[in-house]
Amino acid sequence: MTQPWRFVVVHGESRLKLAEATRAFMAGKEKDPEKKNAAGQRGYNKLIGVPMFIAVIMEENPMTREEDYAATSALIQNFSLLAWEQGIGMIWETYGMIHSMEFREALGVKPGEKIVGSLHVGYPDMIPSPRPRKEIDQLLTIMD
């Protein structure tokens, strides 16, 4: 019951700040100077198209880090199941950008905090088909 998490909800015009941070990150990652602007614009377009973000931020306590991370992940999974049950689409993203200073600053993430997930939330135009999963015999070992 440590509840190490907090949430930042980003919607409406606030998405512009996050999209601009994404543009800077993606342009900075591109090695080819001629492709920097295009890479930044792709990142911007992807994020500006999301109706609402919920950043799930965890306080990093060295004594309870693993338990807190597991609890925060379980919270996100439960939220996802509830959202989909209500007809609200949600994708849990953990792209490399969550570690960038621009992205952290745009969300107000403090030193000693970790972004566990960026949740993309909205009403889907379509629901994608499930991706193929590994067979159970590839994932399960039974020892007698």
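- Residue Met58 is not grouped with residue Leu107 when hydrophobic side chains (ILVMFWY) are merged at heavy-atom distances under 4.5 angstrom, including chains of intermediate members.
- Between Phe25 and Ser100 the shortest heavy-atom distance is CD1-CB, 3.4 Å.
- Considering CG of Leu139 and CZ of Arg133, their distance stands at 11.0 Å, rounded to 0.5 Å.
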Stepwise side chain to side chain contact (heavy atoms under 4.5 Å, CB included) test for Phe53 and Leu47 = CA-CA 9 Å; Phe53 297 90; Leu47 262 73; 3.6 Å; yes
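- Leu18 has its side chain within reach of Phe103: a pair of non-hydrogen atoms, C-beta onward, lies under 4.5 Å apart.
- More than 12 heavy atoms of other residues, nucleotides or ligands lie within 6.0 Å of CD in Glu60, so this atom counts as buried by the packing criterion.
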Show the numbers, then the answer: is there a salt bridge (Lys or Arg N to Asp or Glu O under 4.0 Å) between Glu113 and Arg104?
-> CA-CA 10 Å; Glu113 291 183 321; Arg104 291 175 62 84; 6.0 Å; no
Could you go step by step and tell me if Val116 and Trp5 meet the side chain to side chain contact (heavy atoms under 4.5 Å, CB included) rule?
-> CA-CA 9 Å; Val116 177; Trp5 49 73; over 6 Å; no
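- Nearest approach of Ala39 to Met26, heavy atoms of both residues: O-CB, 3.5 Å.
- No hydrogens or angles considered: nothing links the side chains of Gln41 and Asn37 as a donor-acceptor pair under 3.5 Å.
- For the atom pair CG (Leu140) and NZ (Lys134), the distance works out to 13.5 Å, reported to the nearest 0.5 Å.
- Glu67 places no side-chain N or O within donor-acceptor distance of the main-chain N or O of Thr64, the cut-off being under 3.5 Å.
- Crowding of Glu13 atom CD: a count of heavy atoms from other residues, nucleotides or ligands under 6.0 Å not exceeding 12.
- Residue Tyr123 is not grouped with residue Val50 when hydrophobic side chains (ILVMFWY) are merged at heavy-atom distances under 4.5 angstrom, including chains of intermediate members.
- Proximity of Ser80 to Trp92: side-chain heavy atoms (C-beta onward) are nowhere separated by under 4.5 Å.
- In this structure, Ile91 and Leu119 have side chains that are not in contact, with every pair of non-hydrogen atoms separated by 4.5 Å or more.
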Between Val8 and Arg6, does a side chain to side chain contact (heavy atoms under 4.5 Å, CB included) hold up when you go through it step by step?
-> CA-CA 7 Å; Val8 176; Arg6 70 183 184 91; 3.7 Å; yes
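- Under the 4.5 Å side-chain heavy-atom criterion for grouping Ile, Leu, Val, Met, Phe, Trp and Tyr, Met52 is not connected to Ile115 through any hydrophobic cluster.
- Under the 4.5 Å side-chain criterion, counting only non-hydrogen atoms from C-beta, Glu85 is in contact with Leu82.
- For Ile48, the side-chain contact (heavy atoms from CB on, under 4.5 Å) test picks out Arg15, Leu16, Ala19, Tyr44, with sequence neighbours left out.
- Counting heavy atoms of neighbouring residues, nucleotides and ligands inside a 6.0 Å radius, atom CD of Glu59 does not exceed 12 of them.
- In this structure, the side chains of Lys114 and Ile57 stay at 4.5 Å or more apart for every pair of heavy atoms.
- A single hydrophobic cluster is not seen to contain both Trp84 and Leu81; linkage of ILVMFWY side chains at heavy-atom distances under 4.5 Å, directly or through other members, places them apart.
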Run the numbers on Phe7 and Leu75 for side chain to side chain contact (heavy atoms under 4.5 Å, CB included), then give the verdict.
-> CA-CA 11 Å; Phe7 309 91; Leu75 169 92; 3.4 Å; yes
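- Under the 4.0 Å criterion applied to side-chain N and carboxylate O atoms, Glu20 and Arg23 are assigned as salt-bridge partners.
- For the residue pair Gly87 and Pro124, the shortest heavy atom distance occurs at O-CD, 3.8 Å.
- Among all heavy-atom pairs drawn from Pro51 and Gly122, the shortest one is CG-CA, 4.0 Å.
- Between Ser118 and Tyr95, the closest heavy-atom pair is OG-OH, 2.8 Å.
- Within a 6.0 Å sphere centred on CD1 of Ile127, other residues, nucleotides and ligands contribute 12 heavy atoms or fewer.
- To the nearest 0.5 Å, the span separating OG1 on Thr72 from CZ on Arg65 amounts to 12.5 Å.
- Put simply, the side chain of Ser14 never gets that close to the backbone of Val10: no donor and acceptor are under 3.5 Å apart.
- Hydrophobic clustering (ILVMFWY, side-chain heavy atoms < 4.5 Å, transitive): Val109 and Val56 are in distinct clusters.
- At a threshold of 4.0 Å, the pair Glu30-Lys36 does not count as salt-bridged, since none of the basic side-chain nitrogens sits closer than that to a carboxylate oxygen.
- Between His120 and Glu93 the shortest side-chain heavy-atom distance falls below 4.5 Å.
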